[in-house]
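Okay, here's the structure, questions in a sec.
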Protein chains: 2
Amino acid sequence: MQDGKTGRKPSAKRDAILEAARIVFLDQGYASASMDSVAAEAGVSKATIYAHFTSKDELFGAMIRSRCERNATFAVVDSALNARQTLTVMGRRLLELLLQPQTLAVYRLVMSESERHPDLAKAFYDSGPGTGKALIAQVIDDLARRKELEVADSWIAADLFVGMLRTDLFMRSILGLPQPEGRTLDTAVADAVDTMLRAFGPRG
Amino acid sequence: MQDGKTGRKPSAKRDAILEAARIVFLDQGYASASMDSVAAEAGVSKATIYAHFTSKDELFGAMIRSRCERNATFAVVDSALNARQTLTVMGRRLLELLLQPQTLAVYRLVMSESERHPDLAKAFYDSGPGTGKALIAQVIDDLARRKELEVADSWIAADLFVGMLRTDLFMRSILGLPQPEGRTLDTAVADAVDTMLRAFGPRG
DNA sequence: GTCTATACAACGATAGAC
DNA sequence: GTCTATCGTTGTATAGAC
């Protein structure tokens, strides 16, 4: 029995190594993380890691890719909702996902290694921000078809909406800074949705 | 003669080391960069570096701080311009600054090291995104006073405007990915400005 | 202050036994 | 496949001469 996608046999040790790599790489960064640390975290010897992965580089890539494969269900919304409700529900889910410590750690790691691992940066973008943007564009397109929104280009509108969600709150979070009083996830979503509706809502 | 702010004597070698540190750290990241590389780039011996900086950590901090001290003139705009002109000029300057390779490299580096160097993350935010947001909020406040815009909170409006500028274009740039056809710096600025005016422009 | 030379630890990767 | 033990390299930091 083999995995249909990768053609690789399932292996408990292999999974343990990947999980350990996630913990160590996300915590320490690529260069600082040592294979000894990963081995210790996984409870195996270093030689065992090299039996499953040819190099530190390959282990790193396999770990990031395995993280990217489990995402993007935030854009499933009830089509009976109006524009404000739809954008609020979707925006809240997306921002909650973005602000999770693990998500932030992946962002930090992929960004910092994007120059030395360009293929990884592309894989991350496609399965992360790229997919997210496509899903949101589709939802906005539906709203436009139902005359709930008036947008010329749903992709651009999705881009602007995501941008308004990923504001100072996200910047401060990814820098690990404390959040100022009064600005919360809820107010950030509400401000973005309000602005979308003021700009693209049906004229009164 | 001493530097008024730091109380430190100016030193040609010290400046050369800082400049070399900028090149090496921004290119290779904190952990991968070696003091040997910095010494070679600066044309001094490793011992000389340790005569000026007590550790790799301190050199890194001094370098980032010296980079942060020279920024933020993008928000100086002619007060005779209307809202669209003002936002377009300011938005274009900000996005040009954000997309510069050196700016992107600083973002990548500070983000990736923010957990291990929290004081640095704060210094970067204050002198970078924080100052930028404050300047834009002030300009928006002026526009609101002149009835060119109708905003309830100029800080929130500034936040939303910056968010709409820092969209997919910025994300792809910081990941080192090629830009899709048709989406340029100019169209990104125009879309953000259009949306701001649709949402907050004076009602017709 | 600046150099050469080096101490000392940690790293990625491998050899060989089982 | 998995382990223990180790190789060769590279890293930060320092000693001592000038």
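Chain naming here is simple, since letters A, B, ... match the order of the sequence lines and numbering starts at 1 in each. The shown structure was predicted, so the numbers you read here are calculated from the model rather than taken from an experiment.
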Counting only side-chain heavy atoms from C-beta out, which of dC3(D), dT12(D), dA13(C) sits nearest to D36(B)?
dT12(D)
Row check, F200(B) ring normal vs R198(A) NZ/CZ: under 6.0 Å, within 45°:
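So R198(A) doesn't make the cation-pi contact.
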Just wondering, more than 12 heavy atoms not from E58(B) lying within 6.0 Å of its CD?
yes
To the nearest Å, how far apart are I49(A) CD1 and dT4(D) C1'?
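For the pair I49(A) CD1 and dT4(D) C1', the rounded distance is 15 Å.
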Tell me whether the centres of the aromatic rings in F170(A) and Y107(A) are closer together than 6.0 Å.
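Yes; Y107(A) has its ring centre under 6.0 Å from that of F170(A).
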The side chain of Y50(A) is closest to which nucleotide in this list: dC3(C), dT4(D), dT14(C)?
dT14(C)
Output the single nucleotide from dT2(D), dT4(C), dT12(D) whose closest atom is nearest the side chain of S45(B).
dT4(C)
For F25(A) and dC11(C), what is the distance between atoms CZ and C1' respectively, to the nearest whole Å?
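Checked: the CZ to C1' distance equals 13 Å.
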NA contact type, A33(B), heavy-atom cut-off 4.0 Å: base, sugar-phosphate, or nothing?
sugar-phosphate
To the nearest Å, give me how far apart CE (M35(A)) and P (dC7(D)) are.
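My rounded result for the distance is 20 Å.
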Under 30°, 30 to 60°, or over 60°: which ring-plane class applies to Y30(B) and F25(B), parallel, tilted or perpendicular?
parallel
Could you state the atom-to-atom distance from CZ of F53(B) to P of dT12(D) in whole Å?
15 Å
By nearest atom, which of the nucleotides dT2(D), dT2(C), dA15(C) is closest to the A47(A) side chain?
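Nucleotide nearest to A47(A)'s side chain: dA15(C).
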Interatomic distance, E58(B) CD vs dT12(D) P [rounded to whole Å]:
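It is 15 Å, rounded to the nearest whole Å.
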Between dT2(C), dT2(D), dG12(C), spot the one nearest the side chain of S34(A), thanks.
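Given the options dT2(C), dT2(D), dG12(C), the side chain of S34(A) is closest to dG12(C).
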Side chain of A51(B) - closest among dT12(D), dT2(D), dT2(C)
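Selected nucleotide: dT2(C).
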Expressed in angstrom and rounded to an integer, what is the separation of Y30(A) atom OH from dC11(C) atom C1'?
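The distance from OH of Y30(A) to C1' of dC11(C) comes to 12 Å, rounded to the nearest Å.
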With I140(A), which of E148(A), M196(A), R145(A) fulfils side chain to side chain contact (heavy atoms under 4.5 Å, CB included)?
M196(A)
Answer yes or no: side-chain N or O of K46(A) and base N or O of dG12(C) forming a donor-acceptor pair under 3.5 Å.
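Under the 3.5 Å cut-off, the side chain and the base do form a donor-acceptor pair.
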Separation of R14(B) atom CZ from dG1(C) atom C1', in whole Å?
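Going from CZ in R14(B) over to C1' in dG1(C) covers 14 Å.
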Given dC3(D), dC11(C), dT2(C), identify the nucleotide with an atom nearest to the side chain of T48(B).
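Among the listed nucleotides, the one closest to the side chain of T48(B) is dT2(C).
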